[in-house]
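Beneath this line is the structure, given in structure tokens, with notes to follow.
Basis for what follows: all heavy atoms, side chains included, without hydrogens, waters or symmetry-related copies.
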Amino acid sequence: MKVEILTPRYAASWPERFCYREMLVHRPAAAPRSDWSIGRYVRHLTTWVKQNAKTFDAIIVHSIGEEVTAVMDALHSSIATNQSVASIVVSSGWGQSSDLVSLHQSRAGKRALNSAKSADKIVCKSAATQRLLIGQGVSPQAVERIDIGFGNLPHDDETRREVRERLGFTNSDLATSESSKVVLVSGRMVGDPIRDDTGMDLIARAARHLSARYDDIHFWFHGDGPCRAALYDYLKSEGLRNSIAMPGTFADVTDLMLAADVFVGGDDQGLDHIVPLAVSADIPLVAIDSPSFRTLLTTPTSHDSSIQWCSASTAKAIRIAIQDVLDDLPSARDKASKLRRELIRARPQSHVIEQYTQLLTSIVRGRTGRNVRQGQTTVRSEITA
């Protein structure tokens with residue numbers, strides 16, 4: 001299968017087209033910066049899809065948002081030159097971060113849901129999302145459930161040491177020693193560090209107490225957002241400037257995972273990608289006890305003891321949970337390895353890839369009548385994000 005990617009352009013200096021790992025990436029439209037510019041973004045995206053639809057066999061839209069409206073409008077337009085293009089929409093996010101929650105906050109969201117209903121398939125990642133989609137009027141036959149998969153990324157002390165040296169050489173803020181304790185949290189920096197209860201904010205309020213308990217502890221805040229400066233100023237005022245790092249957003253966070261001692265999942269952000277990667281990397285996991293985390297991280301054979309659960313979304317609960325992990329790291333790492341094995345056995349990433357391949361193949365075959373064989377480049381897909 002040949003994959004091409006369509007994504008917004010976030011700066012005027014960015015190229016509109018380039019190759020990434022043998023995949024062609026298109027960025028014809030500037031990303032919307034406000035509600036006023038969303039309409040222009042959708043129009044530009046719609047025009048591009050109309051002009052290029054004939055070159056694709058399938059289009060996958062990775063969230064129920066403005067991109068769904070643009071793609072479906074283009075495919076249903078009489079201007080579109082290829083009416084046999086298959087369309088698949090993936091419902092993204094979990095809990096309060098789910099796109100099914102944001103849909104009802106604007107007229108554009110409701111329109112996006114109506115557009116998604118006309119796609120060939122809507123892929124969901126949990127039974128709860130499947131029920132919500134059907135409750136929103138989506139035909140049960142149009143909903144395909146494909147769970148999140150887990151890969152195998154085990155590592156040892158030597159790998160951790162090498163990765164830490166590499167990261168420290170690349171970015172001095174990430175410089176640590178072999179004996180340092182590293183706490184990693186990832187997500188959007190959107191909350192007030194003093195009052196809000198996002199994962200970043202809870203860690204920020206717990207950091208001073210943890211720093212006083214451990215001599216050489218580092219906090220890595222991976223991500224970006226409108227409250228980045230406020231979070232940094234708060235941590236600096238707590239006297240933690242030398243213990244924190246905000247490296248921004250990484251295209252590949254594997255090295256961060258391999259270098260960390262504990263990953264904190266403070267909210268529902270990152271459950272699609274970041275948390276599964278943390279599990280695959282054998283990192284001890286501290287997680288807020290929520291339905292979303294339970295759905296993702298538990299299996300019929302798994303045990304609660306493999307995860308350090310927080311019963312409440314408070315800085316104190318997060319701090320105590322992190323202490324329990326750091327005070328006995330060898331035991332926590334053994335539990336993380338056990339969790340990884342159980343999840344790989346129950347939901348292997350290879351099976352997820354196979355499900356997507358079969359779904360694309362069956363839809364394209366049904367649309368075009370062609371015999372699409374796995375491994376060939378007869379199926380071309382475009383991913384919009």
Practice prompt. Show your reasoning for whether side chain to side chain contact (heavy atoms under 4.5 Å, CB included) applies to R340 and N152.
Written response: CA-CA 8 Å; R340 177 181 58 84; N152 189 4; 2.7 Å; yes

Worksheet item: Are N52 and T55 close enough, and set up right, to give a side chain to side chain donor-acceptor pair (under 3.5 Å), and what steps lead you there?
Response: CA-CA 6 Å; N52 295 274; T55 64; 5.1 Å; no

Fill in: Trace of the salt bridge (charged side-chain N to carboxylate O under 4.0 Å, His left out) decision for R213 with D327
CA-CA 10 Å; R213 182 181 179 92; D327 287 346; 2.9 Å; yes

Worksheet item: When you look at S126 and T129, which way does the side chain to side chain donor-acceptor pair (under 3.5 Å) test go after all the steps?
Response: CA-CA 5 Å; S126 68; T129 304; 3.0 Å; yes

Discussion item. The test is side chain to side chain contact (heavy atoms under 4.5 Å, CB included); show your working for L360 and I60 and say whether it passes.
Written reply: CA-CA 9 Å; L360 279 164; I60 303 176; 4.1 Å; yes

Worksheet entry | Criterion side chain to side chain contact (heavy atoms under 4.5 Å, CB included) on I283 and L277, from CA distance to verdict | CA-CA 9 Å; I283 305 177; L277 182 59; over 6 Å; no

Discussion item. Set out, in order, the CA-CA distance, both residues' side-chain angles and the distance that settles side chain to side chain donor-acceptor pair (under 3.5 Å) for D73 and T46, then state yes or no.
Written reply: CA-CA 7 Å; D73 284 353; T46 303; 5.2 Å; no

Item to complete: Test side chain to side chain contact (heavy atoms under 4.5 Å, CB included) on S337 and R341 and set out the steps.
Response: CA-CA 6 Å; S337 297; R341 290 194 299 269; 3.7 Å; yes

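Within the 4.5 Å cutoff, the side chain of W94 has heavy atoms near those of the T295 side chain. Side-chain contact between L24 and H26 is present, with heavy atoms from C-beta onward closer than 4.5 Å. Q355 has its side chain out of reach of D147: every pair of non-hydrogen atoms, C-beta onward, lies at least 4.5 Å apart. With contacts defined as side-chain heavy-atom distances shorter than 4.5 Å, the pair I307/L297 qualifies. Between L167 and W220, some side-chain heavy-atom pair lies under the 4.5 Å cut-off. Taking the side chain as every heavy atom from C-beta outward, Y356 and V123 approach each other to under 4.5 Å. Proximity of V253 to S186: side-chain heavy atoms (C-beta onward) are nowhere separated by under 4.5 Å. Two residues are said to be in side-chain contact when any heavy atoms from C-beta on lie closer than 4.5 Å; L100 and S91 meet this criterion.
Checking side-chain atoms of S87 against main-chain N and O of D120 turns up a donor-acceptor pair under 3.5 Å. Although no hydrogens or angles enter the test, the distance criterion places no donor-acceptor pair under 3.5 Å between the side chain of K50 and the main chain of L45. Checking side-chain atoms of D99 against main-chain N and O of I64 turns up a donor-acceptor pair under 3.5 Å. Checked by atom type and distance alone, the side chain of R111 never pairs as donor or acceptor with a backbone atom of E66 at under 3.5 Å. Of the possible donor and acceptor atoms, none in the side chain of R164 sits under 3.5 Å from a partner among the backbone N and O of L174. A donor-acceptor pair is defined here as one N or O able to donate and one able to accept, closer than 3.5 Å; such a pair exists between the side chain of K121 and the backbone of Q141. Between the side chain of S92 and the backbone N or O of S63, no donor-acceptor pair lies under 3.5 Å. Between the side chain of T298 and the backbone N or O of R294, at least one donor-acceptor pair lies under 3.5 Å.
Scanning both residues, D192 and R205, for their nearest heavy atoms gives O-NH1, 4.4 Å. Listed here is the closest heavy atom pair of Y41 and A30: CD1-O, 3.3 Å. Taking both residues in full, the closest heavy atoms of V364 and A58 are given as CG2-CB, 4.1 Å, listed atom of the first, atom of the second, then distance. Considering all non-hydrogen atoms of both residues, P276 and G270 come closest at CD-O, 3.9 Å. In terms of heavy atoms, V275 sits closest to F293 at CG2-CE2, 4.2 Å. Between R9 and P15, the shortest heavy-atom distance links the atoms CD-O, 4.3 Å.
Side-chain atoms of Y232 and R241 include a donor-acceptor pair closer than 3.5 Å. A donor-acceptor contact closer than 3.5 angstrom links the side chains of S177 and S180.
Atom CE of M246 sits about 13.0 Å away from atom CG of N171, to the nearest 0.5 Å. Taking NZ from K316 and CZ from R319, the interatomic distance works out to 6.5 Å, rounded to the nearest 0.5 Å. Here D156 contributes atom CG and R333 contributes atom CZ; the two are 10.5 Å apart, rounded to the nearest 0.5 Å. Between the CG atom of L329 and the CG atom of D334 there is a distance of 10.5 Å, given to the nearest 0.5 Å. We find the CG-CD1 distance between D173 and I244 to be 8.5 Å, quoted to the nearest 0.5 Å. In this structure, the separation between OG1 on T361 and CG on D57 is 10.5 Å, given to the nearest 0.5 Å.
Hydrophobic clustering (side-chain heavy atoms under 4.5 Å, transitive across Ile, Leu, Val, Met, Phe, Trp, Tyr) keeps V264 apart from M257. Following chains of ILVMFWY side-chain contacts shorter than 4.5 Å, one cannot reach I274 starting from M200, and the two form parts of different hydrophobic clusters. Both V185 and L326 sit in one connected hydrophobic cluster of ILVMFWY residues. Membership requires side-chain heavy atoms under 4.5 Å apart, directly or through other members. In the hydrophobic clustering of this structure, L339 does not group with V286; members are Ile, Leu, Val, Met, Phe, Trp, Tyr whose side-chain heavy atoms approach within less than 4.5 Å, directly or through other members. Note on I288: it does not cluster hydrophobically with I148, by side-chain heavy-atom contacts below 4.5 Å among ILVMFWY residues.
Using a 4.0 Å cut-off between charged side-chain N and carboxylate O, D216 and K181 make no salt bridge. Using a 4.0 Å cut-off between charged nitrogen and carboxylate oxygen, E178 and R161 count as a salt-bridge pair. Here D282 does not pair with R160 in a salt bridge; the nearest charged N to carboxylate O distance is not below 4.0 Å. Using a cutoff of 4.0 Å between basic side-chain nitrogens and carboxylate oxygens, D201 and R195 are not scored as salt-bridged. Checked for salt-bridge contact, D328 and K335 miss the test: no charged N lies under 4.0 Å from a carboxylate O. Between R188 and D224 there is no salt bridge, since no side-chain N of the basic residue sits under 4.0 Å from a carboxylate O of the acidic one.
Judged by the 6.0 Å distance and 45° axis criteria, R43 is not positioned over the aromatic ring of W48.
With respect to I322, the side-chain contact (heavy atoms from CB on, under 4.5 Å) criterion is satisfied by exactly one of I318, I320, V325, D324: I318.
Open room surrounds CG on D215; 12 or fewer heavy atoms of other groups in view lie less than 6.0 Å from it.
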